[in-house]
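First the structure, in the form of structure tokens, and then the observations on it.
One is the number of the first residue; the rest follow in order along the sequence.
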Amino acid sequence: FALVSTWLTAALSMDRAIAVKFPLKRNLWCTVKRARIVSACALFVGFALNIDQPFRLAIAWVREDTSSPNSIPRVTKSSFGSRQDVIEANLYITLILKMVLPITICAISNAITVRQVATSLKFRNQTAKGQSTKGSDQCLAISIGVIATFIVASLPRLAFKIMSIQKPNYSNLTSIISFKFAKYFT
């Protein structure tokens, strides 16, 4: 469901940009019915893009060490999931659909929102003549903070996917780390 939340965040960013840029058209363009359709499409696409996981992954029972009778489950790649073309296709699809497109949509729509809010704040300051516009300044600062947080929080995942494409063995690092630390939590 990470894909769904990412795309819903992008849709909310677009909704906010439309509301700020075209306030009179918002009620025509952004309806509850369309929001439900976008949510359902995001849920369906998120499910459809992850339906391959049972075919790409398998569970293997691995012993912690040779003297221990206990085995722990470990997620490994199946014979289908071990194929290089499947790995590369999955990485590129994940990179583009889960990261690049939503981050780009959020960045563009939030840039439009911030620019429009800054323009309206400038206009309001010129017409207010001495009246306080502290609330508007806080709104702009919060919007910029939310945008920066979303982008900064998405960058490590984006960097990991890019590294996984450039160095295919790099993606095995997460399973090795989780396997090494699993014995401390069981």
**Study point:** Heavy-atom pair with the smallest gap, counting every atom of L43 and V4
**Key:** CA-CG2, 3.7 Å
Study note, to complete from the structure: d(I112 CD1, R115 CZ) to nearest 0.5 Å is 8.0 Å
Check your understanding: Going from CG on N90 to CG on L95, what distance comes out if it is rounded to the nearest 0.5 angstrom?
Key -> 11.0 Å
Exercise for review: Kindly check if the number of other-residue, nucleotide or ligand heavy atoms within 6.0 Å of CE (M14) is above 12?
Suggested key: no
Point to revise | A17 versus T113, closest heavy-atom pair with distance | key: CA-OG1, 3.2 Å
Point to revise | Beyond-backbone contact of T6 with M99, side-chain heavy atoms, under 4.5 angstrom | key: no
Check your understanding: Counting only N and O atoms by type, is there a donor-acceptor contact under 3.5 Å from the side chain of W7 to the main-chain atoms of V38?
Key -> no
Check your understanding: Can you tell me how far OG of S13 sits from CD1 of I103, rounded to the nearest 0.5 angstrom?
Key -> 11.5 Å
Point to revise | Exam field: side chain S78 to backbone A58, donor-acceptor pair closer than 3.5 Å | key: no
**Study point:** Nearest atoms (heavy-atom pairs only) where A48 meets I51
**Key:** O-CG2, 3.2 Å
Review point. Do you reckon I93 sits in the same ILVMFWY cluster as V45, going by side-chain contacts under 4.5 Å, direct or chained?
Key: yes
Check your understanding: How far does OG1 of T76 sit from CD1 of I59, to the nearest 0.5 angstrom?
Key -> 8.5 Å
Check your understanding: Shortest non-hydrogen contact from A10 to C106?
Key -> CA-SG, 3.5 Å
List the atom pairs, donor and acceptor, that lie under 3.5 Å between side-chain atoms in residues 22-33 and the rest of the protein, sequence neighbours left out.
unit_1: R26; atom_1: NH2; unit_2: D15; atom_2: OD2; d: 3.3
unit_1: T31; atom_1: OG1; unit_2: R34; atom_2: N; d: 3.2

Practice item. Taking all heavy atoms of P102 and all of I96, pick out the closest pair and write down the distance. Key: CD-O, 4.0 Å
Practice item. Compare all side-chain heavy atoms of R83 with those of K77 and state whether any distance is below 4.5 angstrom. Key: no
Study note, to complete from the structure: So the ring pair (Phe, Tyr, Trp, His ring centres under 6.0 Å) pairs with at least one residue in residues 32-54 (sequence neighbours excluded) are none
Point to revise | Over all atoms of both residues, closest heavy-atom pair of V86 and G81 | key: CG1-CA, 4.4 Å
